[in-house]
Amino acid sequence: MGRVFHNKKMPKRSIENADKIFDGKKRTKLGTEKKPAVVNVQTEERFKEIAALFEENGWEYTIELQPDEPEDISDLETLLNPPQPMRTEKKVGRNDPCPCGSGKKYKKCCGN
């Protein structure tokens, strides 16, 4: 019996996914001259309030006053609350004392 080969074309990478591909270059930090934070606000009061926050922290920014559009301050929130690395708890070894407090080894108590 012969082998059957399918002639499937590989999907082309779309332009939308092009930015997700690692190009080997270091990413610029948000809030710098090369990558300023972009914020959209609806009122002049909010404009002044957010501009003061950026000036206080020394971040580069672009604020657009758009009364008809919804407010978008996601870049500001990212700068104020940077993502933290996930921390994992240390695993209990098989021969370590059981964390339940029985005094037995983990493998003889809760690890079976």
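Index from 1, following the sequence.
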The residue among Ile50, Asn57, Leu30 that forms side-chain contact (heavy atoms from CB on, under 4.5 Å) with Leu76 is Ile50

More than 12 foreign heavy atoms under 6.0 Å from NZ of Lys107: is that the case here?
yes

Side-chain contact, heavy-atom cut-off 4.5 Å: Arg46 with Ile73?
yes

Would you indicate whether the side-chain heavy atoms of Glu64 and Val39 approach each other to under 4.5 Å?
no

Please give me the minimum heavy-atom distance between [X] and [Y], naming the atom from each residue.
X      : Y      : value
Glu44  : Leu65  : OE1-CD2, 3.4 Å
Lys104 : Cys109 : CB-CB, 4.0 Å
Glu60  : Glu33  : CG-N, 3.6 Å

What distance do [X] atom [atom1] and [Y] atom [atom2] have between them, rounded to the nearest 0.5 Å?
X     : Y     : atom1 : atom2 : result
Leu53 : Leu79 : CG    : CG    : 10.5 Å
Lys91 : Asp96 : NZ    : CG    : 13.0 Å
Gln66 : Thr43 : CD    : OG1   : 13.0 Å

For residues Val38 and Leu80: do they belong to one hydrophobic cluster (side chain heavy atoms under 4.5 Å, members Ile, Leu, Val, Met, Phe, Trp, Tyr)?
no

By the rule that ILVMFWY residues connect when side-chain heavy atoms come within less than 4.5 angstrom, directly or transitively, which residues belong alongside Tyr106?
Val92

Tell me which pairs pass ring pair (Phe, Tyr, Trp, His ring centres under 6.0 Å) where either residue lies in residues 59-85, with sequence neighbours left out.
Phe54-Tyr61

Donor-acceptor check, side chain of Asn40 to backbone of Glu71, threshold 3.5 angstrom: yes or no?
no

So that I can tick it off, tell me whether Glu45 and Lys48 are bridged by a salt bridge, with the cut-off set at under 4.0 angstrom between side-chain N and carboxylate O.
no

